[in-house]
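See structure below.
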Amino acid sequence: MLSSSWSSRIGGGQVSCNIPSKAFGAIAILIAILGTGIADVSALPLTPFRDQAQAQRHCPGDKVVWLDFRKGVYYSKGQKRYGQGFDGSFVCLNEARDSLYRRSLLGLR
């Protein structure tokens with residue numbers, strides 16, 4: 001079995017580690033994948049509004065949804081919790097989706 005090893009001196013002692021080459025390769029691939037994904041992540045703008053008309057003026061070609069910040073979900077018009085609660089705001093549907101909020105299935109038939 002092939003292995004990759006390294007050693008290091010820490011505080012007068014020596015620390016060594018033997019990692020099998022398959023595990024070493026898998027770890028390297030995982031770091032490469034995660035490293036490139038982290039660079040692409042960025043915060044997307046989300047513009048919250050206190051009432052539906054303001055949100056509709058901001059995005060005239062999009063639907064307006066009620067975003068519950070505490071639960072991380074949005075409600076469409078016609079759902080029971082649309083426009084209710086203290087931890088939410090009206091936002092544009094595309095902005096909510098782009099900010100990785102998910103739709104609520106409560107009240108949908």
Side-chain angles (χ1 to χ4, degrees):
M1 174 182 348
L2 296 174
S3 67
S4 182
S5 64
W6 60 270
S7 63
S8 175
R9 289 194 172 273
I10 300 176
Q14 186 168 357
V15 177
S16 64
C17 179
N18 289 326
I19 301 172
S21 64
K22 287 184 181 179
F24 186 73
I27 291 171
I29 291 171
L30 183 63
I31 290 171
I33 291 171
L34 292 176
T36 59
I38 292 172
D40 295 340
V41 174
S42 63
L44 298 171
L46 183 66
T47 311
F49 295 97
R50 297 196 48 77
D51 65 14
Q52 183 180 355
Q54 289 175 329
Q56 195 63 63
R57 282 193 298 271
H58 175 71
C59 51
D62 197 7
K63 283 178 58 177
V64 174
V65 296
W66 175 257
L67 182 60
D68 187 331
F69 295 113
R70 188 172 51 83
K71 294 180 181 177
V73 297
Y74 61 85
Y75 301 96
S76 299
K77 192 171 188 174
Q79 288 182 288
K80 184 176 180 177
R81 295 189 179 164
Y82 180 80
Q84 295 182 355
F86 297 105
D87 296 329
S89 290
F90 291 100
V91 298
C92 302
L93 175 61
N94 286 332
E95 288 182 7
R97 284 182 178 161
D98 291 344
S99 296
L100 303 180
Y101 288 94
R102 65 188 196 285
R103 68 185 175 114
S104 171
L105 299 177
L106 290 177
L108 291 179
R109 298 190 195 278

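When a residue number appears, it is its place in the shown sequence, counting from 1.
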Got a sec, which residues hit side chain to side chain contact (heavy atoms under 4.5 Å, CB included) with R50, two or more places apart in sequence or on another chain?
-> Q54
Main-chain N/O of Y101 paired with S99 side-chain donor or acceptor, under 3.5 Å = no
Table please: side-chain donor-acceptor pairs of residues 82-89 below 3.5 Å, with sequence neighbours left out.
| residue | atom | partner | partner atom | Å |
| --- | --- | --- | --- | --- |
| Y82 | OH | Q52 | NE2 | 3.4 |
| Q84 | NE2 | K80 | O | 3.3 |
| D87 | OD2 | R70 | NE | 3.1 |

Where at least one partner belongs to residues 56-100, residue pairs that pass disulfide (SG to SG under 2.5 Å), sequence neighbours excluded = C59-C92
Straight-line distance of Y75 OH to W66 CH2, nearest 0.5 Å = 10.5 Å
Examine L46 and L93 and state if one hydrophobic cluster contains both, with Ile, Leu, Val, Met, Phe, Trp and Tyr joined whenever side-chain heavy atoms are less than 4.5 Å apart.
-> yes
Closest heavy-atom pair, T47 versus E95, reported as atoms and distance to 0.1 Å, is N-OE1, 3.0 Å
Taking side-chain hydrogen bond (donor to acceptor under 3.5 Å, both in side chains) as the test, write out the residues that go with Y74, two or more places apart.
-> R97
Minimum side-chain heavy-atom gap L106-V73 below 4.5 Å | no
K71 NZ to R81 CZ distance, which is reported to the nearest 0.5 Å = 4.0 Å
What pairs of residues pass the salt bridge (Lys or Arg N to Asp or Glu O under 4.0 Å) test when at least one of them lies in residues 52-68, not counting sequence neighbours?
-> none
Consider only side-chain heavy atoms of I, L, V, M, F, W and Y, link residues closer than 4.5 Å, and tell whether F69 and V65 are in one cluster.
-> yes
